[in-house]
Amino acid sequence: MSEPVAGQPQPGVTPVQGPPAGLGMFLYKARKNLTGSTPYLMMGGIGLWLLTWWLLCEVFSVPRFEKMPGPVAVLSELFSVEPFLGISVFTQEYYQHIYLSCRRIFFAFMIATGLGVPLGLFMGWSKTVRDYAFPILETVRPIPILAWVPLAILMFAGFEAPVIYLATLASFFVTTLNTLLGVDSIDESYFRAAGCLGAKRRHIFWHVVVPGSMPFIFTGLQISIGVAWFSLVAAEMVSGDGGLGYLIVDAYMNNVTVPMVIGMITLGFVGWITSALVRLVGNRLMQWRVRALALEGR
Amino acid sequence: MATTAPNVYNQRTVVRRTRWQKFLANKKLWRGVTAILCTLVLWEIGSRWDEWFGFRLPFIGFIPPPSDVMVAWLEVLPKIGYWQSWYLSFKRVLAGFLSAMLLGIPFGLALAVNRYFRDIFFPPFEVLRPIPPLAWVPASLIFWPTNEMSIAFVTFLGAFFTIVINVLGGARSIDISYLRAAQSMGATQLDMFWRIVLPGTLPSIFTGAAVGMGITWEVVLAAEMISGGGTQAGGGLGFFIWNSYMGGSLEQIVVGMISIGIAGYLSSSAIRYLGTVCMPWRRLF
Amino acid sequence: MTVTPASSGEHEAQGPASGKGKLELRNVNKGYGEAWERQEVLTHMSLTIAPGDLTAVIGPSGCGKSTLVDLIAGFERPDSGEILLNGEPVTGPAHDRMVVFQETALLPWLTAYQNVAFGPKLRGDLKGEALDAEINRLLDKVGLAEFKDKYPIQLSGGMQRRAELARAMINNPLIMIMDEPFRGLDAMTRELMQEFFLKLFEETRRTNLFVTSELDEAIFLADRLIVLSNRPTSVRETIEIGLPRPREFHMLSSPEAFKYKRQAMEVLHEEAMRGFTRSGDQQAFLDAYRKGDEAQSDG
Amino acid sequence: MAAVGTVPARENAGKGAISIRNVTKIYDPEGVNVLAVDDCSLEIAAGEVCMIVGPSGCGKTTLLSAIAGFHSITFGEIYLDGELLCGPGKPLADQGADRVVVFQNGALFPWMSLADNVAYGPTVQGRLNKTQAREKALDMLAEAGLADVGDKFPGEVSSGMARRAEIVRALINDPKVLLLDEPYRAMDALTKSIMHEALLEMYDRTKVTIFFITHDLEESIFLGDRVVVMTTRPCRTKKIVEVNIPRPRDYHILSSEEFRLLVDEANEAVHEEAIKAFEAGERELA
């Protein structure tokens, strides 16, 4: 018996009219999205939030809120060519801070991934490695990263190394544990199937363990980059020299609030971009998963 | 070839081990113990290298050896100030954590059950979420009248976002057939909320709480270091560490770190325990 | 078909008509999506389910059986046409039509006892000792008396289905709707559950709509077998199953049962193949199998 | 019938006789001590389709695992074409591509396309290089009616297609024995019957020995040359039914008289075991 394959037109079945292509599809989607109330409500939500902020801080100057800069003050400073307080999108200093923080995150993230992923993979792959390494990891992990600050300052000379060390430590734990979890999540039958097909132990590592734990690894990396930002900010605040965390705390010391809020907004934005980047890379590497999920999502 | 007697089962001569023998034969346990002991010994040697061989190893050479840490710990144990730090930190963590739960759970549930509420309030929430909680510290120091309140606020923020996201995810992933079953048995909207949505979200609430607790400790610690350091309002384990750092007592820094590790572990265990008590159906198996 | 109601000591709080609903579908249509995405699921669906009958509905997977259940239960509204229960139009979910779900929808945070008590407690139409006695009677009937304080995950697949049956029965529905209730059980347990369910049905003769994709199951249980066509779905063939009652599992391999089987198989196989090779549209193809994949999680 | 088309004649045609002699398996002898398989003997001829029917959890899968080399056996021995797979002194058989398993829930690697999945065996064994293996894989997929989906990932195709591809992945290694562990369990009855016809068609082409585990009696009679009914735990052979329905078979057989008679013959034994297993299950939970 040979069945007709999907792809050949079958007699007696009305052909499904295909989706419109290109611009037609775009217009169709846009129309469909705009007919519901959701986009308007969402815009309304953001608007409402900005309005509340504005009213509280700038219009009515409610006690305590008056100390905070309102959205108008922040935005006009952020986009002014000659900023009153020295920080705006047109100043080099602003980008200097972003660059410094991003560079630190980059190094920390790379080191943590470079150490954490292999360690996690080996721990999942070999029971011996796991039995030895896991208890140490679990003993050290409950110590909050920020408790390391003084030690980090003592252990590493200069400004840069302690900050990177702290961010690395934070993301290292998350990455390692998620990778381990990823290896554990691989169905036993994949190992067996590979064994049946004649794969040796090293083949199984490269063809089953590594790709099979990918989804968890990337979930871990997304969390890990968030945690890295979290500790980076703290470290920059305490010991740093430059960077967005420093920008915030420096503004606080100088009693100016606007650059502080600019620093916060920028942090949120840059943090969001980096985690989106990680997701993007993950999706590129895991086409098999993206496509399967896209079909299920329907 | 004939290795089997017809009734193999009864003729087995396998000796059953006692519980004690099994404990001794537990390879995993002994490997773990060995690993930790080795780490401690290496740490001791690394730290004392300077004393013994006359030059300092990088990194590890700056950390006091575990034996000194032990001595320092025994020294502070009877002191009231040390236990007061525990108390103060716990108080702050609890305040921030509880307020985050109290506000976060209803907010998350409201986001989950009402579409309009979600459409309006979720976008600002998502805009604020990527800002690391510690970035709020200076702003909240300015905003709130006392240090204590600003610490509480930042702590609250740290746990709040995590809890809301977990509650929302949990409530949205409840199996629709539960809702339908209840509906066809005559449940009103209110019934469905109390009897289906709430218990169905409970596991996610506890997951969120466990993660939130971890963040809370981080934030409290940082806030204590950044704001409390040096002022009379201080106290707390973060301050204990910072103070030891300022005073140059390296051993006490490590004591503080270990204490905080223990405190964090205790609080997350407490949440796990509470989870098993509140969700008996998850305790099984 | 005339049926003499089996007189058992059952609690009949809802009056004499309890459990004997008559369901009618008149020219029901239902589709999803808009514009080019539009998929017609049910077209010109008309059928009548006689009171006290067990009507089995069978069709290839993805043909719209679940949509049919959703419409009758009131979870969704038809695009056109009407659904009548004892002459009254169906407007939404209510406890006169109880659904036994695919896989089971026992609430995992309640014990077997509490699950059964859920419906009556919500409505408050049965209270105190009367409720307790009724729950115990039903749990005993489904053989779960010992297990009443266990949570669903502590029960085996077969027990969960039986608990769900008890939960549906306590609401005294006019009609029970079974949406592939034994799916995911292994073939042997499934056979036993069918026998068990059959006994239960023959005792009470409550109107029953039994949706399935297993031909043997349908022939074994049903008074009448409705074969659905592939999507867009309508009634393709109706077969009266004349096997005597009470039935026993031997009857399944009797020549008579095989006669029905042959008759239904021809039609079904044709419809199944039609779904299997349907057009070039990969998505439609996947739709048909999505459910099969979901069932795998039952491991 | 010999192989047709692009596939060269099978090297291992006419091989794959399995001899299971007095096999016993005890799980966790120092602890819970579960007797899963008790003194089980079975001879399977080369090229036979042997169907093992038994309630779930009865120990059938243990038997399959012993042949495939996933689990050790406690006593007894298993031979493949007269060579010892496992026995005293060598409790665990080596895993090898001469006995390929198709798993209950499917084990196509979700991170490889169907063609890469099929090509995996020959590549990893070093029998063919990557391009050759891929070419052969595409040929074999096409033969199984999966020509268009070779570049799709398993998550993108229906479970029926994935399952067929998995059987192709096994067959490309020219195994002596194909071990199937309830491969169609999760499918609904109608899809299953289509899958059965596809499997029969592949069998008619290759005549590979098939060791098929199931708890569905109709499936086993439809597919098998011989149906072995197993007892519930511990697993022993209870009844063996010879199926003499001529091949090639199609779905019409399902409603034929001879089929009915066979079902009638085996039904009693299967039903008895089902009840026993069910009662044991209830007892265990109580």
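Bear in mind that the values here come from a model prediction, so they are computed numbers and not experimental data. Sequence lines set the chain letters: A, B, ... in the order given, protein chains first and strands last, and positions in each chain run from 1. Side chains included, hydrogens not; waters and symmetry mates left out as well; all remaining heavy atoms used.
- Within a 6.0 Å sphere centred on CZ of A/Phe205, heavy atoms belonging to other residues, nucleotides or ligands number more than 12.
- Using a 4.5 Å cut-off between heavy atoms, D/Ser65 touches chain A through its side chain atoms alone.
- The minimum heavy-atom distance between A/His207 and D/Trp111, with the atom names listed, is O-NE1, 2.8 Å.
- Of all the listed residues (D/Leu200, D/Asp250, D/Leu108), the one sharing the greatest number of non-hydrogen pairs under 4.5 Å with chain A is D/Leu108.
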Q: Step by step, work out the side chain to side chain contact (heavy atoms under 4.5 Å, CB included) result for D/Phe153 and A/Gln287.
A: CA-CA 9 Å; D/Phe153 290 110; A/Gln287 276 302 306; 4.0 Å; yes

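- Taking a 6.0 Å sphere around CH2 of A/Trp125, one finds it holds more than 12 heavy atoms contributed by other residues, nucleotides or ligands.
- Comparing D/Gly69, D/Ala97, D/Gly96, D/Ala107 by how many heavy-atom pairs each has under 4.5 Å with chain A, the most go to D/Ala107.
- In this structure, A/His203 and D/Tyr120 have side chains that are in contact, with non-hydrogen atoms separated by less than 4.5 Å.
- In this structure, D/Asn173 CG and A/Cys196 SG are separated by 9.0 Å, a value rounded to the nearest 0.5 Å.
- Using a 4.5 Å cut-off between heavy atoms, D/Met112 touches chain A through its side chain atoms alone.
- Put simply, of D/Pro122, D/Pro110, D/Pro175, D/Gly126, the one with the most heavy-atom pairs under 4.5 Å next to chain A is D/Pro110.
- Ring planes of D/Phe109 and A/Tyr190: tilted class, angle from 30 to 60°.
- Neither the backbone nor the side chain of A/Glu188 has a heavy atom closer than 4.5 Å to any heavy atom of chain D.
- Within a 6.0 Å radius of CE in A/Met214, other residues, nucleotides and ligands contribute more than 12 heavy atoms.
- Surrounding NZ of D/Lys130 are at most 12 heavy atoms belonging to other residues, nucleotides or ligands under 6.0 Å away.
- Side-chain atoms of D/Arg169 and A/Leu197, non-hydrogen and from C-beta on, do get closer than 4.5 Å to each other.
- You'll find the side chain of D/Ser113 stays beyond 4.5 Å of the side chain of A/Trp288, heavy atoms only.
- No side-chain heavy atom of D/Phe103 sits under 4.5 Å from any side-chain heavy atom of A/Asp187.
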